[in-house]
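Working notes, structure below.
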Amino acid sequence: MYISSLIIRNFRNFRNVVFKFNKGVNTVIGENGSGKTNVFYALRMLLDSKLPRYANNLLEGDFNRSLDSWKGHWIVISINFEELTADEAIQCLSFLEAGIPDGTNRGNYNYFLRPKHHIRKELFELSTGDERDEDAVREKLDNLTIADYEYVITVGASKMDFKSDEFYKQHVGDFDTLTFPNPEDDDLSALGQFNNVLNIYNDVSCTFAEALRDVVSDLKSYRNNPLITLLKSREDEIDKETSEEIQTTIKGLNEKISNLEPVRGVSTGIVTTIKDTVGETYAPLVEIEANLPDKMSSLLRSLALKVGDGDEPDYKGRIEELSLGGANLVYLSLKLLEYSLELKKEKAAHFLLIEEPEAHIHTHIQKTLFQKLKDDNTQIIYSTHSTHISEVSKISSVNILARKVKKAEVYHPSNGLKELEVTKLERYLDAIRTTLLFAKSVVLVEGDAELILIPAMVKK
């Protein structure tokens, strides 16, 4: 199961865009402010259990600013999947209406922020029939607030085409003619069925590795540390006899430490001081005891990574002694291993979203990392404005973001190209030429002399 496309309409700087993804590693290229973070946020709203649920309650400021007015419009985020598993819960995403066979391996998962049902009903009644009143429709729209909106999640809408303006007018409304559809006639094959069954957070894994995160804290925490997840997954493999032997040893250590003369001396001193202060009657009983964890699950949580650099093979220190780039590499490796083990637990899919890895990872490592960062069980989507990463990206898996006035557009550089043409282009786009993918405009020059002369002339 993997994401084949993402459709976004009216969300932040996206008025109407489609992102296309393949299995394996995918790239989102764009300059600062082009919307790379917003792409990840849209995906996380539907897939990431670590994103607070209140994040789905978007505000008026989340509507695209190129709209004349946000009032009455919908925010649409739709994820299309391919190669769905046979899992009963995941099959709820499938297209099941007439003409499409049950058990199809395609489906979608959709988010709508839209006016509540009774608001949509009033807009329909005011905009149609003999009672049509355009002034009343405008007044109704002008008086809308974000409190008049709701978000809904739907699944399995095979006829959905929110990229089409005609489809949008048909199912949301025509804001030029002020005509709105009857919500009683909502087409489930176009909008999907309300999701009352699937809790996708139980069936997929989604990890967001943000650019400026404190990865060392993640590797030291209990909640976010993938090492803990990996160790817990292997706990059942420790035989009962070994576990009991370790626990008995630790209980003996606790007793031995507690009975050390310096420890007992401090304990006695505390008791004496308290009694001298408040008297025998009110003095609480105090004793110092060693408290090393003796349960296997707690012992595994106490384990920590020791790391070192290749230049000093004999030294291994704490994770915080490692460079940020090194810590990021360790973190990504742990997540991929965690995902490969989770597949055995019948997770339907794994998604790893990596934001601007060049923020911490050395140039040469960037190039090799994304050539080798492949896992059959995981779909990886990373954003970048590094030419070193784009150089090793397959252009068939690249989405290019371009900033326009109050909105962004998405381009797919392999559109319409044959496989041989794509291969030739990928050979051509080295770290220098791949700047073509980032440019707002391009001047083609011939030879080294022109390459030196023309930029100097343009600057003048």
Side-chain angles (χ1 to χ4, degrees), residues 2-47 58 62-67 73-82 108-113 160-168 172 208 211 351-357 370 379-387 389-391 393-417 421-422 425-426 429 434-442:
Y2 70 95
I3 299 169
S4 58
S5 65
L6 169 69
I7 297 173
I8 304 178
R9 185 130 193 176
N10 298 332
F11 177 59
R12 296 187 177 174
N13 67 325
F14 298 121
R15 177 71 177 266
N16 185 9
V17 298
V18 177
F19 291 86
K20 297 180 181 179
F21 301 114
N22 293 319
K23 294 175 70 173
V25 180
N26 297 267
T27 313
V28 178
I29 288 174
E31 61 182 303
N32 289 336
S34 59
K36 299 188 297 295
T37 299
N38 291 338
V39 178
F40 286 152
Y41 195 89
L43 288 168
R44 294 179 67 207
M45 283 174 59
L46 289 171
L47 300 175
L58 299 176
D62 289 307
F63 282 86
N64 181 257
R65 292 195 297 275
S66 70
L67 295 168
H73 282 281
W74 294 17
I75 287 177
V76 177
I77 300 171
S78 177
I79 299 176
N80 293 299
F81 296 100
E82 300 279 348
N108 56 28
Y109 195 43
N110 317 299
Y111 169 98
F112 304 132
L113 183 72
M160 181 182 292
D161 184 17
F162 269 104
K163 186 73 172 68
S164 163
D165 289 334
E166 287 304 314
F167 183 94
Y168 189 85
V172 175
F208 174 55
F351 306 107
L352 183 56
L353 313 178
I354 308 173
E355 183 180 47
E356 298 181 0
F370 293 101
Q379 186 177 22
I380 299 167
I381 303 172
Y382 63 87
S383 66
T384 186
H385 44 61
S386 165
T387 56
I389 294 179
S390 61
E391 176 192 358
S393 301
K394 292 185 176 296
I395 63 170
S396 57
S397 300
V398 166
N399 293 266
I400 300 177
L401 283 170
R403 292 177 63 177
K404 301 294 180 181
V405 178
K406 296 183 180 179
K407 63 180 182 179
E409 293 182 351
V410 180
Y411 307 133
H412 309 108
S414 63
N415 265 5
L417 299 181
E421 294 172 324
V422 170
L425 273 175
E426 288 174 347
L429 292 173
T434 196
T435 54
L436 286 165
L437 301 178
F438 297 85
K440 290 182 180 291
S441 55
V442 174

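Numbering of residues begins at 1 and proceeds along the displayed sequence. As the structure is a prediction and not an experimental result, all values here were calculated from the model.
Side chain of K394 to backbone of N26: no donor-acceptor contact under 3.5 angstrom is found.
Taking the side chain to side chain contact (heavy atoms under 4.5 Å, CB included) definition, one finds that T37 meets it with E355, sequence neighbours left out. When the salt bridge (Lys or Arg N to Asp or Glu O under 4.0 Å) test is applied to E421, no partner is found at least two apart in sequence or on another chain. Residues satisfying the side chain to side chain contact (heavy atoms under 4.5 Å, CB included) test with D62, not counting sequence neighbours, are F11, R12, L58, L59, I75. Every side chain to side chain contact (heavy atoms under 4.5 Å, CB included) that S5 has, sequence neighbours left out, goes to V18, N80. Contacts of V405 classified as side chain to side chain contact (heavy atoms under 4.5 Å, CB included), with partners at least two apart in sequence or in another chain: none.
Of the charged side-chain nitrogens involved, at least one lies within less than 4.0 Å of a carboxylate oxygen, so that K440 and E31 count as a salt-bridged pair.
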Q) Between R15 and L67, does a side chain to side chain contact (heavy atoms under 4.5 Å, CB included) hold up when you go through it step by step? A) CA-CA 8 Å; R15 177 71 177 266; L67 295 168; 3.4 Å; yes

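Note that CD1 of I79 is 4.0 Å distant from CG of L47, once rounded to the nearest 0.5 Å. The CG atom of N110 lies 3.5 Å from the CE atom of M160; values are rounded to the nearest 0.5 Å. Annotation: the span from H73 atom NE2 to Y168 atom OH amounts to 5.0 Å, rounded to 0.5 Å.
Two residues are said to be in side-chain contact when any heavy atoms from C-beta on lie closer than 4.5 Å; I29 and T384 meet this criterion.
Here side chain to side chain donor-acceptor pair (under 3.5 Å) pairs that include residues 398-408, with residues two or more places apart or in two chains, are N399-H412.
For F351 and F21, the distance between ring centers is not under 6.0 angstrom.
Nearest heavy-atom pair, K36 versus V28, reported as atom, atom and distance to 0.1 Å: CD-O, 3.9 Å. The two residues F438 and S386 have their closest heavy-atom pair at CZ-O, 3.9 Å.
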